[in-house]
Amino acid sequence: MSLAVCPGSFDPVTYGHLDIFERAAQMFDRVIIAVAHNASKKALFTAEERIEFIRQSVGADPRIEVRGVEGLLVDFCADAGASAIVKGLRSGIDLDAEYPMALMNRELSGIETIFVLGDPAKGHIASSLVKDVALHGGDVSSFVPGCVARALEERYA
């Protein structure tokens, strides 16, 4: 049975992320969405909130599991028995950021990273932009699931 890990901070999860999760679930028997802490970013939502948003958004799909991850991603992948890491790319800028991480992960563990090109219709959706729009009272309902849109509205009220 093939298993992939889709890691990220997902602060918050967007329709672009959900597209990548669904497509990964079509390529692998199982997918673990690994919600991580990114030390270079100040999270708006706790890891527990982000995990719950994703769980609500993916529904009861038995192929997809959502977990928090602490420490090195490659250790998490090894413990889970993952054969690949799946990352979505919106543009060359994403590739520039992800490429060295993919090489480091492969050198540390042998695990390969598979890059999935994001849906061009969702290429403009970034968590940071969604938060900025919400902060200024804009409607984010076309970018994020309803549970996230409501949480953003409450957080910025």
Legend entry - Pairwise side-chain contact, R155 with E49, heavy-atom cut-off 4.5 Å (strictly under): yes
Legend entry - Min side-chain heavy-atom separation R63-R30 under 4.5 Å: no
Inset, instruction - First locate atom CZ of R50, then atom CZ of F10, and finally report the distance between them rounded to the nearest 0.5 Å. - result: 9.5 Å
Legend entry - Under 3.5 Å: donor-acceptor pair, side chain of D29, backbone of S2: yes
Inset, instruction - Give the cluster check for L73 versus V35: same hydrophobic cluster or not, with ILVMFWY residues linked at side-chain heavy-atom distances below 4.5 Å. - result: no
Legend entry - Worked check of side-chain contact (heavy atoms from CB on, under 4.5 Å) between V116 and M27: CA-CA 11 Å; V116 177; M27 292 186 279; 3.6 Å; yes
Legend entry - Sub-4.5 Å side-chain heavy-atom contact between I85 and I114: no
Inset, instruction - Might you point out which heavy atoms bring T14 and S127 nearest each other, and give the distance in Å? - result: CG2-OG, 3.8 Å
Inset, instruction - Return the minimal non-hydrogen interatomic distance between I125 and S142, and the atom names on each side. - result: CD1-O, 4.4 Å
Legend entry - Test: E65 and R55 ion pair at under 4.0 Å: no
Inset, instruction - Determine whether F143 and H124 make a side-chain contact, defined as any pair of heavy atoms from C-beta on separated by less than 4.5 Å. - result: yes
Inset, instruction - Drop me the distance from I20's CD1 to I33's CD1, to the nearest 0.5 angstrom. - result: 11.5 Å
Legend entry - Single-linkage hydrophobic cluster I64~V5, side-chain heavy atoms < 4.5 angstrom: no
Inset, instruction - For M104, look at atom CE and say whether over 12 heavy atoms of other residues, nucleotides or ligands are found less than 6.0 Å away. - result: no
Legend entry - Sub-4.5 Å side-chain heavy-atom contact between S83 and F28: yes
Legend entry - Same apolar cluster (I L V M F W Y, side chains within < 4.5 Å links), L129/L44: no
Inset, instruction - Give a yes or no answer on whether the side chain of R23 reaches the backbone of G88 with a donor-acceptor pair at less than 3.5 Å. - result: no
Legend entry - Single-linkage hydrophobic cluster I111~V69, side-chain heavy atoms < 4.5 angstrom: yes
Inset, instruction - Measure centre to centre between the rings of Y15 and F21, then say whether the value is under 6.0 Å. - result: no
Legend entry - Neighbour count above 12 (heavy atom, 6.0 Å) for E70 CD: no
Legend entry - Nearest atoms (heavy-atom pairs only) where F115 meets E98: CE2-CB, 3.5 Å
Legend entry - Atom of V144, atom of V13 and distance for their closest heavy-atom approach: CG1-O, 3.5 Å
Inset, instruction - With the side chain counted from C-beta on, respond yes when I32 and C6 share a heavy-atom pair under 4.5 Å apart, and no when they do not. - result: no
Inset, instruction - Answer with yes or no after comparing the ring centroid distance for F45 and F53 against a 6.0 Å cut-off, counting only values under it. - result: yes
Inset, instruction - Check whether more than 12 heavy atoms from other residues, nucleotides or ligands sit under 6.0 Å from atom OH of Y99, and answer yes or no. - result: no
Inset, instruction - Please round to the nearest 0.5 Å and tell me the distance separating atom CG of L108 and atom CE of M101. - result: 13.0 Å
Inset, instruction - Drop me the distance from H136's NE2 to Y156's OH, to the nearest 0.5 angstrom. - result: 9.5 Å
Legend entry - Under 3.5 Å donor-acceptor, D94 side chain and R90 backbone: yes
Legend entry - Side chain to side chain, K131 and L152, heavy atoms closer than 4.5 Å: yes
Legend entry - Contact summary for A134 and V140, nearest pair of heavy atoms: N-CG1, 3.8 Å
Legend entry - Atom pair NE2 (H37) and OG1 (T46), whose distance is rounded to the nearest 0.5 Å: 12.5 Å
Inset, instruction - Could you walk me through whether S9 and D11 pass side-chain hydrogen bond (donor to acceptor under 3.5 Å, both in side chains), step by step? - result: CA-CA 6 Å; S9 54; D11 187 43; over 6 Å; no
Legend entry - Residue pair S109 / C77, side-chain heavy-atom distance below 4.5 Å: no
Inset, instruction - Report, as yes or no, whether the 6.0 Å neighbourhood of atom CD on Q56 holds more than 12 heavy atoms from other residues, nucleotides or ligands. - result: yes
Legend entry - Shortest non-hydrogen separation from A4 to V86 and the atoms involved: CB-CG2, 3.8 Å
